[in-house]
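Notes follow the structure.
We name chains A, B, ... by the order of the sequence lines, and we start the count at 1 in each one. It should be emphasised that the depicted structure is a prediction, and the values quoted were computed from it without experimental measurement.
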There are 2 protein chains.
Amino acid sequence: MANKPDSREKILQTASRLFQLQGYHATGLNQIIKESGSPKGSLYYYFPNGKEELAAEAVKYTSRYIEAKIQSFMEQVPDPVVAIQEFIKEAASQFDQPETIKGIPVGLLASETALISEPLRKVCVQAFKNWETIIANKLIKNGYEEDEAVKAGTVINSMIEGGIMLSLANKSKAPLLTISESIPLILHRKG
Amino acid sequence: MANKPDSREKILQTASRLFQLQGYHATGLNQIIKESGSPKGSLYYYFPNGKEELAAEAVKYTSRYIEAKIQSFMEQVPDPVVAIQEFIKEAASQFDQPETIKGIPVGLLASETALISEPLRKVCVQAFKNWETIIANKLIKNGYEEDEAVKAGTVINSMIEGGIMLSLANKSKAPLLTISESIPLILHRKG
DNA sequence: GTCTATATTCTGATAGAC
DNA sequence: GTCTATCAGAATATAGAC
């Protein structure tokens with residue numbers, strides 16, 4: 001059980017990176033198979049439903065990565081305000097120099113496909129929900145009422161996604177850092 | 001001076017609508033000329049630099065429209081918190097039923113093109129800056145310190161753009177309404 | 001099962017008729 | 001100046017060799 005679907009993994013990894021960076025429509029299947037080094041036949045063998053299926057799997061792949069990262073910050077930093085701020089600062093750091101930008105989670109792909117593909121829309125919605133739940137659970141664990149925690153999760157997720165978009169457009173980490181500064185305002189002490 | 005560049009205006013109007021709704025890469029020039037009823041020759045006559053120039057003009061066109069709308073809310077509602085909340089609620093209303101969705105300002109196009117077209121990136125950045133300035137000026141007029149007002153403008157703009165994205169993906173106005181509820185937290189009384 | 005070569009459609013762009 | 005017909009290339013997808 002050592003060398004199983006290594007080719008599938010490579011395609012998925014390359015696709016995830018390119019979809020995040022360029023979006024759905026700007027990323028061609030030819031580019032994916034070229035950069036991953038795999039032939040096009042493998043792509044349709046592993047993802048019989050073509051681009052849409054590949055993109056859906058890529059979103060799940062990216063989502064799990066981000067989930068793990070958020071979870072890690074929440075577990076390691078006791079104060080939820082500081083934990084969220086540290087996560088945002090880490091996300092901001094990549095916008096320092098344009099050539100270091102690695103990806104724009106799934107906001108871009110979600111916007112592109114929400115009106116044209118139900119399967120893709122649903123995996124994006126699920127990704128957002130998972131992230132928001134991790135944040136909300138951290139807040140609940142720290143004394144927040146459930147309803148307030150869930151709403152705060154949505155607000156913080158919006159701020160981060162919007163902030164990533166502004167940082168990308170401005171080629172500057174400044175917008176995301178400003179967002180980070182405002183987190184204490186959203187999470188005023190409750191309990 | 002009655003029937004001047006009526007054809008140009010029609011192309012621009014159709015292009016603006018489609019770019020907002022579908023994004024840059026998903027919107028073909030053929031679709032624009034088909035829906036606007038104009039021939040392709042006219043498009044390249046009025047926009048010699050092709051798709052990129054047309055998209056840049058479309059962003060400016062959309063930006064002016066949104067500017068006027070924000071300005072209108074800021075002038076008619078005295079309290080800045082209520083004014084911003086009313087603007088967000090109006091933006092949210094279109095996500096009630098999917099078929100009524102008119103557009104996603106410029107966030108989608110900005111994300112798609114930030115890394116591949118400097119001219120497009122710059123017009124998007126300018127649009128964001130204009131909107132943020134209108135909000136910041138309203139806050140300054142109501143006793144906010146300039147530095148705080150500018151930062152609040154960025155935060156609110158991020159929340160709105162992120163909220164639009166979430167509402168689009170969820171096909172629900174709920175995320176934007178939650179954003180609206182959280183505006184008082186950002187704009188706690190200062191002066 | 002893995003991969004290559006090809007089919008079909010559509011893209012942005014242009015040349016040139018009127 | 002206004003528009004039509006067409007270009008070369010890229011898109012997704014498939015057929016079929018091995």
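Between A/Phe19 and A/Tyr24, the ring-plane angle classifies as parallel under the 30° and 60° cut-offs.
If you measure from atom NZ of B/Lys34 to atom P of D/dT4, you get 15 Å, rounded to the nearest angstrom. Computed from coordinates, the A/Leu18 CG to D/dA11 P distance equals 12 Å when rounded to whole Å. As a whole-Å value, the separation of B/Tyr45 OH from C/dT14 C1' is 17 Å. Taking atom OH of residue A/Tyr44 and atom P of nucleotide D/dA13, one finds them 4 Å apart after rounding to whole Å. For A/Ile11 and C/dC3, the CD1 to C1' distance is 11 Å, given to the nearest whole Å. Between A/Glu52 atom CD and D/dA13 atom P there is a gap of 9 Å when expressed in whole angstrom units. The nearest whole Å value for the distance from the NZ atom in B/Lys51 to the P atom in C/dT11 is 9 Å. Computed from coordinates, the B/Asp6 CG to D/dT2 P distance equals 12 Å when rounded to whole Å.
With a 6.0 Å radius and a threshold of 12 heavy atoms from other residues, nucleotides or ligands, B/Glu181 has its CD atom above the threshold.
Remark: the B/Tyr44 side chain and the B/Lys40 side chain contain no N/O donor-acceptor pair separated by less than 3.5 Å.
Picking from C/dG12, D/dT12, C/dC3 the nucleotide with the shortest atom distance to the side chain of A/Lys40 gives D/dT12.
Using a cutoff of 4.0 Å between basic side-chain nitrogens and carboxylate oxygens, B/Lys171 and A/Glu118 are scored as salt-bridged. A salt bridge is absent between A/Glu67 and A/Arg64: the closest approach of a Lys/Arg side-chain nitrogen to an acidic carboxylate oxygen does not fall below 4.0 angstrom.
When B/Glu75, B/Gln76, B/Met74 are each tested for a side-chain contact (heavy atoms from CB on, under 4.5 Å) with B/Ser72, only one passes: B/Gln76.
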_Is there a salt bridge (charged side-chain N to carboxylate O under 4.0 Å, His left out) between B/Lys151 and B/Glu148? Walk through the geometry before answering._
CA-CA 5 Å; B/Lys151 284 185 180 177; B/Glu148 291 297 319; 5.5 Å; no
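OP1 or OP2 of C/dT2 sits under 4.0 Å from a side-chain N or O of A/Tyr46. Phosphate proximity of C/dT2 to A/Ser42: absent, as no side-chain N or O sits under 4.0 Å from OP1 or OP2. Within the structure, every side-chain polar atom (N or O) of A/Asn30 is placed at least 4.0 Å from both OP1 and OP2 of D/dA10.
Near DNA chain D, meaning a heavy atom under 4.0 Å away, the residues from residues 20-29 of chain A are A/Thr27, A/Gly28, A/Leu29.
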